[in-house]
Amino acid sequence: MAAEVEAAKKTAARVVVDEFVKDNMVLGIGSGSTVIYAVERLKERVKSENLNIICIPTSFQALQLITEGGLQLGDLSRNPTLDLAIDGADEIDPRLNLIKGGGGCQTQEKIVAFNSKLFIVIADYRKDSQQLGSTWKKGVPLEVLPISYVPVMKKLERDLGGKPTLRLAVNKAGPEMSDNGNFLVDVDFGPIPDAAALNVELLQIPGIVETGLFIGMAERAYFGQADGSVVLQTRDGNKSKVA
């Protein structure tokens with residue numbers, strides 16, 4: 001099963017890099033396990049085709065992938081508009097609304113995606129969902145200012161019916177921190193009937209820096225399948241096999 005999932009991620013990533021990455025692009029590099037395969041293929045193409053690609057990271061992990069891979073590193077100060085951003089997701093609905101932030105990078109990921117002319121998601125078949133919150137059971141990730149996490153969590157539970165959990169670090173005592181030095185709170189809302197409305201409500205709460213709900217941002221999602229094929233899904237809900 002694990003090998004099948006990794007193969008699905010790799011196939012989707014390679015299809016997108018091969019189809020969409022062009023010479024002289026400014027490219028947003030997402031975070032997570034699927035993006036590793038995209039960077040792997042990007043390195044191959046840059047070397048074999050002598051491509052000039054400026055890479056903008058969405059996290060410390062992405063920064064490491066870029067620099068350790070010998071790719072050209074850029075930043076939003078010098079490259080405020082990107083041609084393309086490629087990233088993964090934790091869950092994807094039929095309208096390409098996403099839950100992201102399982103790795104705690106959603107704020108920087110959203111900034112890069114927002115400033116890209118085209119945002120494409122790569123994922124394996126497990127991330128395909130009919131309704132956000134129905135298959136991803138870890139909740140909606142929120143980046144929260146440390147000073148506010150207690151009142152924010154009480155507000156989420158009392159007024160929005162969520163079940164918030166402060167994300168704790170694995171190899172250190174205390175909370176896990178975002179790359180921006182903030183806390184991460186995962187909120188279980190169950191299946192979410194209106195993700196756009198929920199996103200607006202969450203962003204009105206002082207102390208919440210950003211949410212892991214990406215509403216209307218992705219143009220295309222490519223799902224690697226168990227049988228080795230790749231399925232393209234567009235924002236209108238249509239799906240087609242492309243590889």
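FYI, side chains are in, hydrogens and waters are out, and symmetry mates aren't considered; it's all heavy atoms of this structure. Throughout, numbering of the chain's residues begins at 1 and tracks the sequence. Being a predicted model, the structure only gives us computed values, none of them experimental.
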Take Lys22 and Leu51 through the side chain to side chain contact (heavy atoms under 4.5 Å, CB included) test and state the conclusion after the steps.
-> CA-CA 8 Å; Lys22 310 296 181 187; Leu51 298 179; over 6 Å; no
How many angstroms lie between atom CG of Asn238 and atom CG of Leu232, to the nearest 0.5 angstrom?
-> 9.0 Å
Check whether any side-chain heavy atom of Leu213 lies under 4.5 Å from a side-chain heavy atom of Asn97, and answer yes or no.
-> no
Taking atom CG of Leu71 and atom SG of Cys55, what is their separation to the nearest 0.5 Å?
-> 4.5 Å
Any donor and acceptor pair, going by atom type alone, linking the side chain of Glu91 with main-chain N or O of Ser134 inside 3.5 Å?
-> yes
Compare all side-chain heavy atoms of Ile86 with those of Ile122 and state whether any distance is below 4.5 angstrom.
-> yes
Would you indicate whether the side-chain heavy atoms of Leu27 and Asp83 approach each other to under 4.5 Å?
-> no
Close side-chain approach of Ile92 to Asp128, heavy-atom, < 4.5 Å = no
Minimum heavy-atom separation for Val112 to Pro57, with atom names?
-> CG2-O, 3.9 Å
Decide whether Tyr149 and Leu184 are clustered together by the hydrophobic rule: side chain heavy atoms of Ile, Leu, Val, Met, Phe, Trp, Tyr closer than 4.5 Å, transitively.
-> no
More than 12 heavy atoms of other residues, nucleotides or ligands under 6.0 Å from CG of Leu168: is that the case?
-> yes
Considering all heavy atoms of both residues, which atom of Ser31 and which atom of Ala62 are nearest to each other, and what is their separation?
-> OG-CB, 4.4 Å
Sidechain-backbone polar pair: Ser229 side chain, Gln225 backbone, donor-acceptor under 3.5 Å = no
Would a distance-only check, ignoring hydrogens and angles, find a side-chain to backbone donor-acceptor pair under 3.5 Å from Lys110 to Thr211?
-> yes
Considering all heavy atoms of both residues, which atom of Ser77 and which atom of Pro80 are nearest to each other, and what is their separation?
-> O-CD, 4.2 Å
Non-hydrogen atoms of Ser129 and Gln131 that approach each other most closely | OG-O, 2.8 Å
Side-chain contact, heavy-atom cut-off 4.5 Å: Val35 with Asp87?
-> yes
Rounded to the nearest 0.5 Å, the CG atom of Leu156 sits from the CD atom of Glu201 at a distance of 10.5 Å
Electrostatic pair Arg14-Asp18, nearest N-O below 4.0 angstrom = no
Is there a side-chain contact between Lys117 and Thr81, using heavy atoms and a 4.5 Å cut-off?
-> yes
Does the pair Asp93/Arg95 count as a salt bridge with the N-to-O cut at 4.0 Å?
-> no
Spatial distance of atom CG (Leu42) from atom CD1 (Ile53) [nearest 0.5 Å] = 6.5 Å
Lys NZ or Arg CZ of Lys10 over Tyr37 ring: under 6.0 Å, within 45° = no
Using the rule that two of Ile, Leu, Val, Met, Phe, Trp, Tyr join whenever any of their side-chain heavy atoms come within less than 4.5 Å, decide whether Val16 and Ile54 are in one cluster.
-> no
Report the C-alpha separation of Ile120 and Tyr222 in whole Å, then their side-chain angles, then the decisive distance to 0.1 Å, and conclude whether the side chain to side chain contact (heavy atoms under 4.5 Å, CB included) test is met.
-> CA-CA 8 Å; Ile120 295 177; Tyr222 287 77; 3.7 Å; yes
CD (Glu109) and OG1 (Thr58) are apart, to the nearest 0.5 Å, by 4.5 Å
Shared hydrophobic cluster for Leu203 and Ile192 (ILVMFWY, side-chain gaps under 4.5 Å) | no
Asn199 side chain to Ala195 main-chain N or O, any donor-acceptor pair under 3.5 Å?
-> no
Reported CZ-to-CZ distance for the pair Phe114 and Phe214, which is rounded to 0.5 angstrom = 12.0 Å
Flag, side chain of Asn79 to backbone of Gly74, donor-acceptor distance under 3.5 Å | no
Would you check if the side chain of Lys172 reaches a backbone N or O of Pro175 as a donor-acceptor pair within less than 3.5 Å?
-> yes
Under 3.5 Å donor-acceptor, Ser148 side chain and Val152 backbone | no
Non-hydrogen side-chain atoms of Gln106 and Glu143 separated by less than 4.5 Å | yes
Do Asp179 side-chain atoms and Ser59 backbone N/O form a donor-acceptor pair below 3.5 Å?
-> no
Can any side-chain N or O of Ser116 pair as donor or acceptor with the backbone N or O of Leu118 at less than 3.5 Å?
-> no
Could you go step by step and tell me if Arg45 and Val21 meet the side chain to side chain contact (heavy atoms under 4.5 Å, CB included) rule?
-> CA-CA 9 Å; Arg45 289 197 58 203; Val21 173; 3.7 Å; yes
Here the pair of heavy atoms bringing Ala38 nearest to Val17 is O-CG2, 3.6 Å
Transitive ILVMFWY side-chain link Ile56 to Met25, under 4.5 Å = no
Among side-chain atoms of Asn52 and Asn24, is any donor-acceptor pair under 3.5 angstrom?
-> yes
Please report the closest heavy-atom contact between Pro164 and Gly162, naming both atoms and the distance.
-> CD-O, 3.3 Å
Begin from the C-alpha positions of Leu63 and Leu73 and carry the test side chain to side chain contact (heavy atoms under 4.5 Å, CB included) through to its verdict.
-> CA-CA 8 Å; Leu63 175 65; Leu73 177 65; 3.5 Å; yes
So does Lys241 have more than 12 non-hydrogen atoms from other groups sitting under 6.0 Å from NZ?
-> no
Mind checking whether Tyr125 and Phe223 have ring centres under 6.0 Å apart?
-> no
So, Lys9 and Ser33: side-chain donor and acceptor under 3.5 Å apart, yes or no?
-> yes
NZ/Lys155: more than 12 non-hydrogen atoms of other groups inside 6.0 Å | no
Is any side-chain N of the basic residue among Lys138 and Asp186 closer than 4.0 Å to the acidic one's carboxylate O?
-> no
Test: Glu219 and Arg235 ion pair at under 4.0 Å | yes
Does Lys127 use its side chain to pair, donor to acceptor, with the backbone of Asp90 at less than 3.5 Å?
-> no
Is there side-chain contact between Val209 and Asn180, with at least one heavy-atom pair below 4.5 Å?
-> no
Same hydrophobic cluster for Met217 and Ile29, using side-chain heavy-atom links shorter than 4.5 Å among ILVMFWY?
-> no
